[in-house]
Student: 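Take this structure, written in structure tokens, and hold onto it; I'll ask about it next.
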Amino acid sequence: MKFNRLTSASAFLALLIALPIFALLFTAMTETGQSFEHIRDTVLADYIINTVLLMTLVGIIVTLIGVPLAWLIACCEFTGKHLFNWALVLPLAMPGYLIAYTYTDLLDYAGPLQTFLRNTFGWSSPDDYWFFEIRSLGGAAAMLSLVLFPYVYLMAKANFLNQNASLTLAARTLGYSPLKSFFSVSLPIAKNSIVAAISLVLMETIADFATVYYFAVNTLTTAVYDTWLGYYDLASAAKISMLMIVGVFALIILEHKTNKRGKDSNSAKMSVQPLSYKLTGKQNVFAFLFCSLVFVLGFAVPALTLLSYAIDYYQDVWSMEVIMYAWNSTYIAIAVAVISLLISLVINVSLRENKSLANQSWFNLANMGYAVPGTVLAIAVIIPFSGLDHWLNSTAESFDLEAPGLILSGTVVAIIFTHIVRFAAVANNNIKTNFQQLNKSYDWAAKSLGAKPNRLFRQVHWPLLKRSALVAGLLIFVESMKELPAALLLRPFDFETLPTYVFQFASDEQLEQAALGAILIVIVGLIPLIFINRSIEQKQN
């Protein structure tokens, strides 16, 4: 494999991944859109306001949950700490739409909780009492926060663990209480990591579709979905999508600017043992109850609810259809993971061979899709794929051949490609990080012995990269298994995946019928969390 060929392959793959984004931009700028002016003049402002309010509420809630939890686990000793250290990560395995479905069943007017309250206190109608309205913007924010707070928890915890213990010890010698030293020393030092985590949470929030759609909260994501499937107006959907992309890239710029203001200067610990507060009495009880409450609400309640439904309705829900839908999700996820890893390896090997501006540009270009919501990417992929399908069919007809049909936009190829565009960045960043940790002397030694690029990669790079590649592949596999919007918008006729199967039943208020599929999604989501958590513990030991 010659260097020029490798560079050309890297450029081709990066441009291919970025093609839908460019096509979306071109369509949004050149086509008017039949319904866009009407949407702009009537409901667009409401969509934008709801989106901003949702992001604001989620940002506040995940901060109030994730940062205190991170500090308790990193800097305090209390009952159950070692259990909560990994248990608080489990809500990441629970997709936002699943937790929304389960809590709606539990908290709605006809749900068991309100029914119990009415029977207990003799209330006969909603006018007799007040209860939190789960199907609201506040409800959507609460549901998303319960599954997204681990991003803040994990990144803040890592920062607290790496902070210089002597700084907090100095504050303690000046008479600061643990709480005051947290606000005066630990929190200001960790702010960059916290801002980065919140930015990631907000990108996930703006990308969410199923939760806000189920709760009838009109955001830009639901606007894209309704414009495309309701009005079949691709140009208007593209214009709305561009508004979302602008918002996402504004968050990326904010994160980069925050990180550029200066990295934490306390990364090296000056003490052998990290500072740890021994909590006793009421403090110990509060820490235990706070961690327990978050874990129970974020994982235990929805998981046990789904499990009980799956057991109670086992005979009704267990069928060959569920197995077929699980297989559909599995083979799509495997294809996405394998292809994404191959693309990432080509791009990263090219970048390692030559850290030129061009190669760095291809790398950045291939990462664009991760910041784009799945709903937007589905629209972005439809544009070039439908054009290619029409070209292929007209070309075949011009040669008196049978038209192949919609072989790109009308098959699972569109779903797989959309997932690759979105999740290739996971492999790119993971492999790049590990490549940077490999000393260049390995390459120079191998080349001095006459090793060609192919042999260098097979015998030197790959053995050292395969563990990180496995982690990246697992993450991509799980993200692809959980992804709903792209599959919902691009699935062929009479084709279902586990997320779309669950979505269809939940939308019809029949979550019990989809409980088994939902449990399978959660179980798959736990796989990389367990693997990665064990890897982190091994490194710490």
Side-chain angles (χ1 to χ4, degrees), residues 53-76 78 80-81 83-103 107 132 134 137-161 182 186-187 190-208 210-212 215 217 251 255 258 286-305 475 478-479 482 521-522 525-526 528-530 532-533 536:
L53 286 175
L54 180 66
M55 294 168 65
T56 302
L57 286 174
V58 171
I60 292 172
I61 296 173
V62 296
T63 303
L64 293 177
I65 295 175
V67 175
L69 285 177
W71 187 73
L72 286 172
I73 298 297
C75 303
C76 300
F78 61 94
K81 169 185 173 176
L83 172 65
F84 292 123
N85 185 38
W86 62 266
L88 291 171
V89 183
L90 297 184
L92 274 177
M94 187 74 63
Y97 53 85
L98 290 187
I99 202 171
Y101 300 155
T102 55
Y103 273 109
L107 303 180
F132 175 69
I134 186 69
L137 190 144
M143 296 300 99
L144 290 173
S145 299
L146 285 175
V147 296
L148 294 178
F149 82 85
Y151 288 112
V152 177
Y153 162 71
L154 288 171
M155 295 180 72
K157 183 179 74 169
N159 188 282
F160 289 143
L161 287 171
F182 164 71
S186 300
L187 188 59
K191 66 179 181 180
N192 284 353
S193 295
I194 295 172
V195 169
I198 293 173
S199 297
L200 184 59
V201 167
L202 295 183
M203 283 190 278
E204 292 291 336
T205 301
I206 200 174
D208 177 78
T211 304
V212 292
F215 282 1
V217 177
L251 290 171
E255 180 189 350
T258 303
F286 173 79
F288 177 80
L289 291 178
F290 180 50
C291 294
S292 299
L293 179 65
V294 174
F295 169 71
V296 168
L297 293 178
F299 185 79
V301 168
L304 291 175
T305 301
L475 288 173
V478 173
E479 289 296 329
K482 295 192 299 183
I521 295 174
V522 175
L526 290 173
L529 292 180
I530 296 172
I532 293 169
N533 192 60
I536 292 173

Student: Taking all atoms of both residues into account, what is the closest heavy-atom pair of G298 and P91, and its distance?
Tutor: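 Shortest heavy-atom separation between G298 and P91 comes out as O-CB, 3.7 Å.
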Student: Below 4.5 Å, heavy atoms only, C-beta onward: do K482 and I521 meet side chain to side chain?
Tutor: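 A side-chain contact under 4.5 Å exists here.
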Student: Test of understanding: with side-chain contact (heavy atoms from CB on, under 4.5 Å), list the residues that count as partners of L297, not counting sequence neighbours.
Tutor: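 Expected list: Y103, L146, L293.
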Student: Below 4.5 Å, heavy atoms only, C-beta onward: do L92 and V147 meet side chain to side chain?
Tutor: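 Answer no - side chains too far apart.
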Student: Using the ring of each side chain (for Trp, its six-membered ring), is F290 parallel, tilted or perpendicular to F286, with breaks at 30° and 60°?
Tutor: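 Ring orientation of F290 relative to F286: parallel.
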Student: For residues 53-66, which side-chain donor-acceptor pairs fall under 3.5 Å, sequence neighbours excluded?
Tutor:
| from | atom 1 | to | atom 2 | distance (Å) |
| --- | --- | --- | --- | --- |
| T56 | OG1 | V52 | O | 2.8 |
| T63 | OG1 | G59 | O | 2.7 |

Student: Which distance, rounded to the nearest 0.5 Å, do you find between the CG of L88 and the CG of L83?
Tutor: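 Reported to 0.5 Å precision, the distance equals 8.5 Å.
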Student: Go through the structure and list residues passing side-chain hydrogen bond (donor to acceptor under 3.5 Å, both in side chains) with T205, not counting sequence neighbours.
Tutor: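 Here no residue qualifies.
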Student: Mind listing the closest non-hydrogen atom pair of A141 and S145 along with its distance?
Tutor: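 Smallest heavy-atom distance, with atoms named: O-OG, 2.6 Å.
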Student: Do L98 and P95 have side chains that get closer than 4.5 Å, going by heavy atoms?
Tutor: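 They are in contact (side-chain heavy atoms under 4.5 Å apart), so the answer is yes.
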Student: Flag the pair L526 / F299 as yes when at least one side-chain heavy-atom distance between them is below 4.5 Å, and no otherwise.
Tutor: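 Contact flag for L526/F299 side chains = yes.
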Student: According to side-chain hydrogen bond (donor to acceptor under 3.5 Å, both in side chains), who are the partners of K81, at least two apart in sequence or on a separate chain?
Tutor: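 In terms of side-chain hydrogen bond (donor to acceptor under 3.5 Å, both in side chains), with neighbours along the sequence ignored, K81 is linked to E77.
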Student: When rounded to the nearest 0.5 angstrom, what distance separates OH in Y151 from CD in E204?
Tutor: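 It comes to 4.0 Å.
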Student: List the atom of F295, the atom of A87, and the distance in Å for their closest heavy-atom pair.
Tutor: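 Nearest pair, atom of F295 first, then A87: CD1-O, 3.4 Å.
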Student: Closer than 3.5 angstrom, by distance alone: can the side chain of N192 be matched with the main-chain N or O of A196 as a donor-acceptor pair?
Tutor: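 A pair under 3.5 Å: no.
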Student: Not counting sequence neighbours, which residues clear ring pair (Phe, Tyr, Trp, His ring centres under 6.0 Å) with F288? List them please.
Tutor: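 F288: ring pair (Phe, Tyr, Trp, His ring centres under 6.0 Å) contacts with F84.
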Student: Apply side chain to side chain contact (heavy atoms under 4.5 Å, CB included) to residues T102 and V301 and explain how you reach the verdict.
Tutor: CA-CA 8 Å; T102 55; V301 168; over 6 Å; no
Student: Could I get the full list of ring pair (Phe, Tyr, Trp, His ring centres under 6.0 Å) partners for F78, not counting sequence neighbours?
Tutor: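 F78 satisfies ring pair (Phe, Tyr, Trp, His ring centres under 6.0 Å) with no other residue.
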Student: Show the nearest heavy-atom pair for residues Y153 and V89, with the distance to one decimal.
Tutor: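 Result for this residue pair: CE2-CG2, 3.9 Å.
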Student: When rounded to the nearest 0.5 angstrom, what is the spacing between CZ in F215 and CG in L137?
Tutor: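 Spacing of CZ (F215) from CG (L137) equals 10.5 Å.
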Student: Would a 4.5 Å heavy-atom cut-off, applied to side chains only, mark C291 and L69 as touching?
Tutor: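 Yes, close enough: below the 4.5 Å cut-off.
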